[in-house]
Amino acid sequence: MNIILLGPPGAGKGTQAKTLVEQTGLTHVSSGDLFRAALREGTELGMLAKSYMDRGALVPDDVVIGMVMERVEQPDCTNGVIFDGFPRTIDQAIALQNEMAKHNKRIDAVVYLNVPKEILLRRIAGRQTCRTCGAIFNIYYFPSYKPGICDVCGGKLYQRSDDTMETAHRRLDVYFEQTMPLIDYYRKQGSLREIDGCQEINQVSESMMIALGVNV
Ligand code: AMP
């Protein structure tokens, strides 16, 4: 099974992807995580991506497509992938579809996490991620028990450099302009499953499992 998690920044794609991985055993492929890993490793790709990420802009299609396609060729992706943050443009969606078809695969479902803009800004600007295990918290909606410390593993929490209020505004504008058209694109293909992303985290997970027909 290959699934796309679609939705604006702050909709909870990363959080829900973790649950989906636990429930399905599929491999999580997040384009944003791949860029952040490249940046940590100090590669050329990482440096290039940073110049776009810091502005809240999209990395050019050819760069993202090349990176994600290379990732899905890895053996751990054979049984299925949860795409998170990719595709973000129609051109990326077409490239993904063509690549899948070459390997006799297809996108089975697109889960769209719908959250209104007013809620997204606080979700993005309040987000904190654990450096050690990647768990995600939010200082407004879902704070860790001890400030700055991960409840799961005791690691240190940090704020992503592109999660400031200013960059959040720009990322949302980019989303509404360039990524929103994908909703109609997948709706027309009949693969879109819309979920109310404003529910409690567990309820969102439950709705997602039901929409995907995954038995928990
Ligand atoms: P994310 O972690 O998904 O919010 O992505 C963080 C940043 O990485 C985005 O704001 C973009 O600058 C870049 N990025 C991630 N995925 C893509 C993509 N599919 N297309 C273009 N840029 C991307």
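Start at 1 and go down the list; that is how both ligands and their atoms are numbered.
- The protein residues lying under 4.0 angstrom from ligand 1, judged by non-hydrogen atoms, are Ser31, Gly32, Phe35, Arg36, Met53, Ala57, Leu58, Val59, Val64, Gly85, Phe86, Arg88, Gln92, Arg160, Asp162, Arg171.
- Applying the side-chain contact (heavy atoms from CB on, under 4.5 Å) rule to Asn79 yields no partners; only residues at least two apart in sequence or on another chain are considered.
- A salt bridge links Asp173 to Lys117: at least one charged side-chain nitrogen sits closer than 4.0 Å to a carboxylate oxygen.
- Within the structure, the salt bridge (Lys or Arg N to Asp or Glu O under 4.0 Å) test picks out the following pairs touching residues 11-39 (sequence neighbours left out): Asp33-Arg36.
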Report, one line per pair, each donor and acceptor closer than 3.5 Å where one atom sits in a side chain of residues 64-76; sequence neighbours left out.
{"residue": "Arg71", "atom": "NH1", "partner": "Asp76", "partner atom": "OD1", "Å": "2.9"}
{"residue": "Arg71", "atom": "NH2", "partner": "Asp76", "partner atom": "OD2", "Å": "2.7"}
{"residue": "Gln74", "atom": "NE2", "partner": "Glu70", "partner atom": "O", "Å": "3.4"}

Step by step, would you call Ser144 with Gln128 a side-chain hydrogen bond (donor to acceptor under 3.5 Å, both in side chains)? CA-CA 9 Å; Ser144 58; Gln128 290 185 312; 4.7 Å; no
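- Tested against Leu6, the residues Asn114, Leu192, Asp84, Val111 include a single side chain to side chain contact (heavy atoms under 4.5 Å, CB included) partner, Leu192.
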